[in-house]
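Written out below as structure tokens is the structure these notes cover.
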Amino acid sequence: MSTIDVRGLGHTFGDLRVLKDVSLQAPGGTFASIVGPSACGKSTLLRVLAGLLVPDEGTAEVGGVSTVSRPGLVSYMPQKDLLLPWRRVLGNATLGAEVGGIKRAEAKRQAGALMERFGLAGFERAWPSQLSGGMRQRLALLRTFLAPAKTMLLDEPFGALDAITRREMHGWLQSVLGAEQRTVLFITHDVEEALLLSDRVYVMSPRPGRIIADVPVTFPKPRPSGAVLAPEFIRLKAELLGALGG
Amino acid sequence: MRRLGASTRRATIEYLPAGLLLAALIAGWEAWVRIFDTRPYIMPAPSRVWTAFLETRGTLPEHITTTLSEALLGLAIAAAAGVALAAILALTPLVRRVLYPILVVSQTIPMIVLAPLLVIWFGFGMTPKVVVVALFGFFPICVSTAEGLLTADREMTGLVRSMGGGRLASLRYVEIPAALPSFFSGLKIAATYAVLGAVIGEWVGASSGLGIFITRAQTAFRVDRVFVAVAVIAVVSVALFAAVHVAARLTTPWMYVNKENKS
Ligand SMILES: Nc1ncnc2c1ncn2[C@@H]1O[C@H](COP(=O)(O)OP(=O)(O)O)[C@@H](O)[C@H]1O
Ligand SMILES: [Mg+2]
């Protein structure tokens, strides 16, 4: 399991300073979340870790290897689901695995075995345009899940879903991940979601983004949606909201 | 079978108004010619055109075969060359900057002027006709395919890159499939003009084909036969267009998914 290690990361788009001295260390097997106001540079940070963007300053490593200009070390789920309209559900699920060098038949077998768990059974031959929002999101997650790189970067995977679907997905994601020890870096602007899912929550400041709080969350997992009502949960939520507001 | 029946019904409903209008126009034309007693070498009545069609039934298939072969061969060459140049244009910005304007300007050369020259260059055989069709079809195919390749979603290619895929993977998984529908739009335009292109090529000189059929009919003042040829060209062109449409449906099925079908 790979540690995510970011140090002194800074980046500027033209005149726009987006990231400033971002540092975070998430040990292998951690589910870590980043919460922050919109446009503070969360997606930019993930793009650096995914090897898609070369930062102006600093280092980003996964499992001790620099991700700068080295895509493929992590499995990245972008903010949009980016399902390929010309591939059926099964073909989209296996995309990351196929590109990552896993044989097509083997990738299909692995995907087929997970269809049920990802709530996509029976839809193998459907086109992405025929899926509901929640199913599209689960399919994008399955694609990320099946890629050979086991460290996952998830950029607001549930951001576009309605509250009810979202709550379902929280329970579901915990059950899917429960069996696997994976390092996950999860972006959200929903504090409650972050607390419910994570071992650790980082708070980012408004642009230029920096990590301004690092809050460990120690409730036992899996956490039912009712966990948000516990006094300790509410205390942590207040702490995070305070950090975000200040 | 039920689905087939439903789709046939839908097609009938869709094309019924156009069919009715066409029938009305033909009826009006027939009436006009009879009422004003127009000379057949000026404007033959549809009934007379039909008679002319029955007269020429024996020789027409050979002419159609000639013209259709030229059209299909020209179309195939246009598709191959168009896609090849589109790929080069899309992949190399420098070539794009140099060639694209020239390509656009080349479209202003009237094919009617070019056809006689092609005969001088390539003789009276099949070649100049195929070249005319290919020149007609090349441009729309090349331009739409290049456009399709260039407008492929950058975020999708980024996704493939994030998976460790190189240039080839992004072409294979994103750019080529993304460009397929545009390629077929170009091919549809090319197919529409292909038969016409072959006829224009034959006009200048040929021993067989719908173009020479028209020339012969004109010299004999058989305007009714000219109309027969016009109708045949229309029917063959529509058939070619329909064939491309079917190919597009089979190759890019995701473009024809019923979006309401969400579960
Ligand atoms: N490629 C880019 N070029 C210029 N500006 C960009 C680019 N990508 C992001 N930005 C800008 O950087 C800021 C941070 O973007 P992003 O990382 O997407 O924010 P977040 O994900 O936190 O909402 C935004 O103001 C955005 O407009
Ligand atoms: Mg974002």
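Values reported hereafter were calculated over all heavy atoms of this structure, with side chains retained and with hydrogens, waters and symmetry mates removed. Throughout, protein chains are lettered first and strands after them, A, B, ... in sequence-line order, and every chain is numbered starting at 1. What you are looking at is a predicted structure, and each value in this text was computed from that prediction instead of being measured.
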Pick one of side chain, backbone, both or neither for A/Arg143, based on which atoms fall under 4.5 Å of a heavy atom in chain B.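 For A/Arg143, the contact with chain B is made by the side chain alone.
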
From B/Tyr173 OH over to A/Leu95 CG, what is the distance, rounded to the nearest 0.5 angstrom?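 The distance works out to 6.5 Å.
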
Nearest 0.5 Å please: distance from the CZ atom of B/Arg161 over to the OH atom of A/Tyr76.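 Here the interatomic distance stands at 10.5 Å.
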
Close side-chain approach of [X] to [Y], heavy-atom, < 4.5 Å:
| X | Y | result |
| --- | --- | --- |
| A/Pro128 | B/Trp254 | no |
| A/Trp86 | B/Leu180 | no |
| A/Pro78 | B/Met156 | no |

Candidate pair A/Glu98 and B/Arg172, rule side chain to side chain contact (heavy atoms under 4.5 Å, CB included), full reasoning: CA-CA 12 Å; A/Glu98 274 182 57; B/Arg172 170 173 167 202; 4.2 Å; yes

Mark yes when over 12 heavy atoms from residues, nucleotides or ligands other than [X] sit less than 6.0 Å from its [atom1]; otherwise mark no.
| X | atom1 | answer |
| --- | --- | --- |
| A/Phe13 | CZ | yes |
| A/Phe118 | CZ | yes |
| A/Ile164 | CD1 | no |
| A/Lys150 | NZ | yes |
| B/Arg154 | CZ | yes |
| B/Arg96 | CZ | yes |

Interface residue of largest heavy-atom contact number with chain B, from A/Arg87, A/Arg88, A/Arg70, under 4.5 Å: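 Looking at each option in turn, the highest pair count goes to A/Arg87.
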
Count the heavy-atom pairs under 4.5 Å between each of A/Pro71, A/Gly91, A/Gly100, A/Gly51 and chain B, then report the option with the highest count.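 Winner by heavy-atom pair count: A/Pro71.
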
Taking all heavy atoms of B/Ser162 and all of A/Leu52, pick out the closest pair and write down the distance.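 So the minimum-distance heavy-atom pair works out to N-CD2, 3.8 Å.
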
Winner by heavy-atom pair count (cut-off under 4.5 Å) against chain A, out of B/Ala178, B/Ala169, B/Gly165: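 Looking at each of B/Ala178, B/Ala169, B/Gly165 in turn, B/Ala178 comes out on top.
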
